[in-house]
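Contents: one structure, followed by commentary.
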Amino acid sequence: MNDTSTAAPRQEPAAPDSGPRYDFAAAEPRWQAAWDERGCFRVADVPADGKPKYYVLEMFPYPSGKIHMGHVRNYTLGDVVARYKRARGFSVMHPMGWDAFGLPAENAARERGVHPAKWTYENIANMRAELKRMGLSLEWEREFATCQPEYYRHQQKLFLDFLKAGLVERKESWVNWDPIDGTVLANEQVIDGRGWRSGALVEKKLLSQWFLSITKYAPDLLEALDSLDRWPERVRLMQANWIGRSEGARLTFSLADSQETVEVYTTRPDTLYGMSFLAIAPEHPLAAAVASRNPDAEAFVADCRRRGTSEAVIETGEKLGFDTGLRVKHPFIEGATYPVWIANFVLMEYGTGAIFGCPGHDQRDMDFARKYGLSVTPVVLPPGADAASFTLGKEAYVGPGTIINSGFMNGLDVDAAKRAAIGKLEQLGIGQGVTNWRLRDWGVSRQRYWGCPIPVIHCKSCGVVPVPDDQLPVRLPDDVTFDKPGNPLDHHPTWKHVDCPTCGKPARRETDTFDTFVDSSWYFARYCSPHAGVPLVRDAVDHWMPVDQYIGGIEHAILHLLYSRFFTRAMKDTGHVSVEEPFAGLFTQGMVNHESYRTEDGHWLYPDEVEKRPDGTAVRRGTDQPVVVGRVEAMSKSKRNTIDPGAIIARYGADTARWFILSDNPPERDMEWTESGAAGAFRFTQRVFRLAEALDGLPAETRPDSFGAAGRTLRRATHRCIAAVTEALDSFAFNVAVARLYELANAITEAERAAAEPGLNWARREAVEMLARLGSPMMPHLAEDVYARLYPVADKLVAQLPWPEADPALLVAESVTIAVQVMGKLRGTVEVAPNAAAEVVFAAAEADANVAKALEGKRIVKRVHVPNRIVNYVLAG
RNA sequence: GCGAGAGUGGCGGAACGGUAGACGCAGUCGACUCAAAAUCGACCGCCUUCGGGCAUGGGGGUUCGAAUCCCCCCUCUCGCACCA
């Protein structure tokens with residue numbers, strides 16, 4: 001980007017216009033203070049109120065400094081659930097905090113010389129103020145930031161407990177090295193061969209690292225997915241694929257001219273007779289051994305490491321190999337030997353890092369064999385194919401069939417042959433059937449300053465020594481410098497030099513810190529007892545966990561959610577919690593998108609710089625310079641199609657922002673933020689206020705015994721709305737709830753126009769009250785304002801009221817409209833009493849001129865009657 | 001390539017197998033106004049000889065009746081992708 005033009009001053013369009021109206025700017029802070037004073041959203045760690053509990057949680061934010069529309073959507077969704085459940089009689093915990101460790105703070109330190117802690121806490125202060133302006137029903141008393149020693153000391157304690165329980169390992173391993181960030185990445189953090197944050201091409205490097213043994217829980221993490229019935233199916237699927245269970249066999253090949261062996265994992269032991277080579281990963285120990293005595297092999301291995309995951313290789317899928325000259329013996333065929341290749345497509349991390357190649361029935365092996373002229377023997381005959389003439393070209397055959405050319409397995413089908421091959425391997429003592437997992441242990445070491453220190457000490461005499469409990473927390477030193485690359489903790493003059501807790505001799509602190517995903521793998525449990533002197537208070541976590549409704553972005557479908565599921569199990573096994581699954585319900589929201597704009601010479605423009613003309617064209621505000629309206633896409637700084645929630649709230653108020661973001665579309669889909677939509681939402685808040693204001697001059701009435709026609713119509717609309725909004729909120733259909741409230745507002749407007757009749761004003765007051773209360777989860781401030789206007793001396797706030805209940809008597813219509821079909825085509829409608837008898841409805845239908853005409857001269861074969869819905873005449877011919 | 005999901009007016013979207021298009025946005029016309037904004041009212045899928053006909057990506061099927069259930073195809077979105 002070399003955009004040198006300075007952006008035009010962010011000119012705020014004039015606020016929507018005057019007249020007597022709802023003053024949100026005064027009302028919103030007032031109601032926020034009222035909720036606060038009354039402690040409406042506070043709950044005890046271990047409540048004694050006897051209410052059922054409900055734990056609502058949105059994914060906590062990284063404190064970047066400003067909230068964005070994604071946050072607004074996320075926290076609004078959670079707040080609707082929290083407020084609704086509270087009204088439904090639940091004791092609701094709805095906390096907020098900060099995922100406060102991480103790289104941007106260090107980048108700020110490097111770029112601007114500000115200390116990561118200062119930067120982070122200032123950002124938190126900003127974002128907290130912005131979130132408070134949204135009027136969220138959060139319990140701020142539970143707030144914490146993961147960068148506080150009061151938080152991370154307990155994380156260190158949990159780690160040490162895991163260490164004791166055998167859930168932590170220190171391993172020398174090939175890691176993904178991000179050369180820009182200068183750190184190690186987990187496999188999950190490598191996307192298309194690039195670092196998930198820096199975008200740098202990832203290299204392979206051998207390092208000693210701390211690992212959490214997530215693989216020990218692989219079977220359980222997979223099986224328990226079935227129990228997560230309130231999770232989106234696709235998230236469960238993504239996790240299942242990630243865990244990646246497969247059934248196969250492990251077998252040992254012996255080298256032809258030495259005592260050495262190579263272990264191989266395969267899912268196709270049935271195709272062993274189709275073997276034509278053995279291939280090992282470039283990182284395989286045998287490859288290293290060959291390389292040590294063969295410069296060409298060494299060059300090949302080095303080349304693979306360098307290009308490893310480079311784009312060219314991934315995109316072309318080009319398979320490269322090096323023939324080691326070694327040969328292995330076939331496990332079943334006496335005297336047969338096959339070449340051993342080093343191949344770039346064999347992954348050291350999966351299985352054993354070595355495969356046997358059967359080109360006939362594996363496409364990768366086929367590609368490799370054709371490239372290097374290796375033999376191809378078909379051993380599975382497709383159904384209906386002729387054994388004598390069946391040949392393979394460039395396509396491997398991977399379907400079912402009958403085994404051929406395979407000694408004792410001939411004639412078996414694929415599944416039977418797999419069992420037979422495994423039986424034979426076991427009998428020979430050179431292999432067995434195994435279950436293999438794609439999931440690998442979670443490397444948590446990061447070479448960074450702004451993270452939770454890993455609480456161990458390295459001693460030359462005692463080895464790895466855990467920091468004793470009474471020396472926790474291991475605090476980050478404040479006096480660090482960022483003037484050279486690498487880890488500031490490592491450069492610190494004194495911090496790492498400590499005495500060994502066991503033998504007292506000089507020793508060295510671990511200078512790596514935890515992956516920040518560790519911080520977010522248990523914060524949800526810490527909220528239950530956020531100020532306790534132990535990581536988790538059993539009574540509190542056992543009461544509140546699991547989270548009943550977790551809400552966040554789909555981008556965390558694998559990493560954060562899988563780590564949290566693992567961590568919860570590990571915490572259970574170390575006696576900290578009773579549950580295994582942290583999140584009983586999960587909802588993944590869509591993104592907030594916006595149109596993008598550029599000038600004709602290609603400069604991106606902010607939405608505020610663009611003016612839409614009535615003729616549909618767009619120009620740069622205050623000029624005639626045409627603007628190209630681009631795609632609706634994810635808001636991003638580089639495309640300048642961002643909308644600042646702070647500006648929206650200042651201009652329209654929090655209720656408007658909340659209302660629009662809920663009304664646009666179903667919450668799981670991507671939405672488009674539009675200026676006209678936001679303005680429409682603002683108009684509605686004003687309209688609700690006017691509907692309430694219109695009652696001011698009317699005398700208050702006691703509830704009458706009977707109502708006139710207009711009153712009855714309005715009351716039925718009100719109570720239908722109660723039922724419909726309740727149902728919509730229960731099913732996360734917030735856009736439908738919004739639509740139902742618009743309908744109620746329309747019904748009230750209609751009643752305003754009706755001629756005066758006894759009881760009508762009472763019905764109007766009821767309707768306006770319900771409009772406010774049913775809308776309160778979405779626009780809580782306005783709801784309080786309207787309610788206070790209706791009941792100036794009320795002792796409760798809307799936030800403290802129970803959810804309204806519909807009067808069942810009013811859900812039944814006075815008459816129903818029945819559609820009349822003839823041969824499935826609509827020919828008219830008739831009005832009848834509810835639950836009218838079939839004959840009554842048929843008589844009314846046949847009296848309709850249009851229907852009679854359609855029936856004229858035809859023989860009626862069948863008459864269908866669905867009560868209160870429809871009738872259908874089936875005619876002959 | 002594998003897996004999952006989605007295709008409904010100008011747009012976002014509603015719709016227990018039962019009057020398709022609720023509600024909103026945009027738009028058109030009108031009232032109010034000196035004028036505008038705001039507000040209020042009416043209209044707003046396509047075609048029509050004004051009877052009606054056609055319409056939920058396309059084609060079949062089940063059914064008295066299909067946006068909804070089944071089969072085939074097309075398109076789009078997302079996820080995974082040398083996992084042996």
Practice task
Using the C1' atoms only, state how far B:G45 lies from B:G13, rounded to an integer number of Å.
Solution key: 15 Å
Exercise for the section: Sticking with atom P, work out how far B:G60 lies from B:A66, rounded to a whole angstrom. Expected result: 14 Å
Practice task
Describe the nucleic acid contact of A:Asn850 in one word from base, sugar-phosphate, nothing, applying a heavy-atom distance below 4.0 Å.
Solution key: sugar-phosphate
Problem - Whole-Å gap separating C1' (B:G79) and NE2 (A:His556) - result: 16 Å
Practice task
Compute whether any side-chain donor of one residue and acceptor of the other, for A:Asn868 and A:Asn835, lie under 3.5 angstrom apart.
Solution key: yes
Practice task
For A:Val820, answer base if it contacts any base atom (sugar-phosphate contacts may also be present), sugar-phosphate if it contacts only those atoms, and nothing otherwise; contact means non-hydrogen atoms under 4.0 Å.
Solution key: nothing
Practice task
Pick base, sugar-phosphate or nothing for A:Gly244, based on heavy-atom distances below 4.0 Å to the nucleic acid.
Solution key: nothing
Exercise for the section: For the pair A:Phe684 and A:Phe682, evaluate ring pair (Phe, Tyr, Trp, His ring centres under 6.0 Å) and give the outcome as yes or no after the intermediate values. Expected result: CA-CA 5 Å; A:Phe684 184 68; A:Phe682 177 77; over 10 Å; no
Problem - Anti/syn call for B:G9, syn if |chi| within 90° - result: syn
Exercise for the section: Could you tell me whether the phosphate oxygens of B:C25, OP1 or OP2, come under 4.0 Å of any side-chain nitrogen or oxygen in A:Arg683? Expected result: yes
Exercise for the section: Could you verify whether a donor N or O on one side chain and an acceptor N or O on the other, from A:Ser246 and A:Tyr265, lie under 3.5 Å apart? Expected result: yes
Exercise for the section: For A:Met366 and B:A84, give me the distance from atom CE to atom P, rounded to whole Å. Expected result: 18 Å
Practice task
Find the distance A:Arg669:CZ to B:C78:C1' and express it as a whole number of Å.
Solution key: 14 Å
Completion exercise
Judged by nearest nucleotide, the residue sitting upstream toward the 5' end of RNA chain B, A:Glu233 or A:Ile355, is A:Glu233
Handout entry: Inter-nucleotide C1' distance (B:U77, B:C72), Å rounded
Key = 22 Å
Problem - Rounded P spacing from B:G7 to B:C70 in Å - result: 14 Å
Handout entry: Pairwise P distance, B:G10 and B:G5 [rounded to whole Å]
Key = 29 Å
Problem - N/O (side chain, A:Lys825) to phosphate O (OP1/OP2, B:C54) under 4.0 Å - result: yes
Handout entry: Distance in angstrom units between A:Phe660 CZ and B:G24 C1', rounded
Key = 9 Å
Exercise for the section: Report the residue from A:Asn436, A:Thr435, A:Val434 that forms a side-chain contact (heavy atoms from CB on, under 4.5 Å) with A:Glu247. Expected result: A:Thr435
Problem - Anti versus syn assignment for B:G65, with syn defined as within 90° of 0 - result: anti
Practice task
Check whether any side-chain N or O of A:Arg234 sits under 4.0 Å from OP1 or OP2 of B:C78, and answer yes or no.
Solution key: no
Practice task
Name all stems that contain residues of RNA chain B, defined as runs of 3 or more consecutive Watson-Crick or G-U wobble pairs, both distances under 3.5 Å.
Solution key: B:1-7 with B:74-80, B:10-12 with B:23-25, B:27-31 with B:39-43, B:45-47 with B:52-54, B:57-61 with B:69-73
Exercise for the section: Mark yes or no: A:Lys319 above the aromatic ring of A:Phe368, with NZ or CZ under 6.0 Å from the six-membered ring centre and no more than 45 degrees from the axis. Expected result: no
Practice task
Verify the contact: side-chain N or O of A:Tyr350 to OP1 or OP2 of B:A84, cut-off strictly under 4.0 Å; return yes or no.
Solution key: yes
Practice task
Spell out, as yes or no, whether a donor-acceptor pair under 3.5 Å connects the side chain of A:Asn735 to the backbone of A:Ser663.
Solution key: no
Problem - Sugar-phosphate, base or nothing in reach of A:Leu237, heavy atoms under 4.0 Å - result: sugar-phosphate
Exercise for the section: Looking at every strand, decide which applies to A:Thr829 at a 4.0 Å heavy-atom threshold: base, sugar-phosphate, or nothing. Expected result: base
Practice task
Would you classify A:Arg827 as touching base, sugar-phosphate or nothing, given that sugar-phosphate means primed atoms plus P, OP1 and OP2, and contacts are heavy atoms under 4.0 Å?
Solution key: sugar-phosphate
Handout entry: Separation of atom CE in A:Met671 from atom P in B:G24, rounded to whole Å
Key = 17 Å
Problem - Polar contact flag, side-chain donor to acceptor under 3.5 angstrom, A:Thr252-A:Glu263 - result: no
Problem - Residues from residues 716-725 of chain A lying under 4.0 Å of RNA chain B - heavy atoms - result: none
Exercise for the section: Look at all strands and tell whether A:Asn872 reaches a base, only sugar-phosphate, or nothing, counting heavy atoms closer than 4.0 Å. Expected result: base
Exercise for the section: Identify whether the distance between the nearest side-chain nitrogen and carboxylate oxygen of A:Glu839 and A:Arg863 falls below 4.0 Å. Expected result: yes
Problem - Any A:Phe842 side-chain heavy atom under 4.5 Å of A:His865 side chain - result: yes
Practice task
I would like to know whether A:Glu727 and A:Arg740 meet salt bridge (Lys or Arg N to Asp or Glu O under 4.0 Å); could you show each step before the answer?
Solution key: CA-CA 11 Å; A:Glu727 193 191 324; A:Arg740 298 295 166 248; over 6 Å; no
Exercise for the section: Would you tell me if any nitrogen or oxygen in the side chain of A:Asn344 comes within less than 4.0 Å of OP1 or OP2 on B:C82? Expected result: no
Exercise for the section: In whole angstrom, give me the gap between the C1' atoms of B:G59 and B:U48. Expected result: 28 Å
Handout entry: OP1 or OP2 of B:G3 under 4.0 Å from side-chain N/O of A:Asn241
Key = no
Handout entry: B:C69 to B:U63 separation - C1' atoms, rounded to the nearest Å
Key = 10 Å
Handout entry: From B:G18, B:A14, B:C82, nucleotide with atom closest to A:Phe345 side chain
Key = B:C82
Handout entry: Basic-acidic side-chain contact under 4.0 Å: A:Glu856, A:Lys853
Key = no
Completion exercise
Closest to the 5' end of RNA chain B, once A:Ala819 and A:Asp362 are matched to their nearest nucleotides, is A:Ala819
Exercise for the section: Check whether the side chains of A:Asn746 and A:Glu750 place a donor and an acceptor atom closer than 3.5 Å, and report yes or no. Expected result: no
Exercise for the section: Report the nucleotide, chosen from B:A15, B:C25, B:C40, that has the shortest atom-to-atom distance to any side-chain atom of A:Ser676. Expected result: B:C25
Handout entry: Rounded distance (Å) that lies between atom C1' of B:A84 and atom CZ of A:Arg245
Key = 17 Å
Handout entry: RNA chain B contacts made by residues 745-752 of chain A, counting heavy atoms under 4.0 Å
Key = A:Asn746, A:Thr749
Exercise for the section: Indicate yes or no: at least one non-hydrogen side-chain atom of A:Thr656 is less than 4.5 angstrom from one of A:Ile648. Expected result: no
Handout entry: Test side-chain contact (heavy atoms from CB on, under 4.5 Å) applied to A:Asp655 and A:Phe24, A:Phe660, A:Tyr22, the passing residue
Key = A:Tyr22
Practice task
State, yes or no, whether a side-chain contact exists between A:Trp437 and A:Thr215 at a heavy-atom distance under 4.5 Å.
Solution key: no
Exercise for the section: Looking at every strand, decide which applies to A:Glu743 at a 4.0 Å heavy-atom threshold: base, sugar-phosphate, or nothing. Expected result: sugar-phosphate
Practice task
Quote, to the nearest angstrom, the P distance that separates B:G24 from B:G3.
Solution key: 43 Å
Problem - Rounded interatomic separation in angstrom, taking CD from A:Gln363 and C1' from B:G1 - result: 10 Å
Practice task
Tell me which nucleotide among B:C80, B:C23, B:G13 gets nearest to the side chain of A:Arg438.
Solution key: B:C80
Exercise for the section: Let me know the distance between CG of A:Leu662 and P of B:C23, rounded to the nearest Å. Expected result: 20 Å
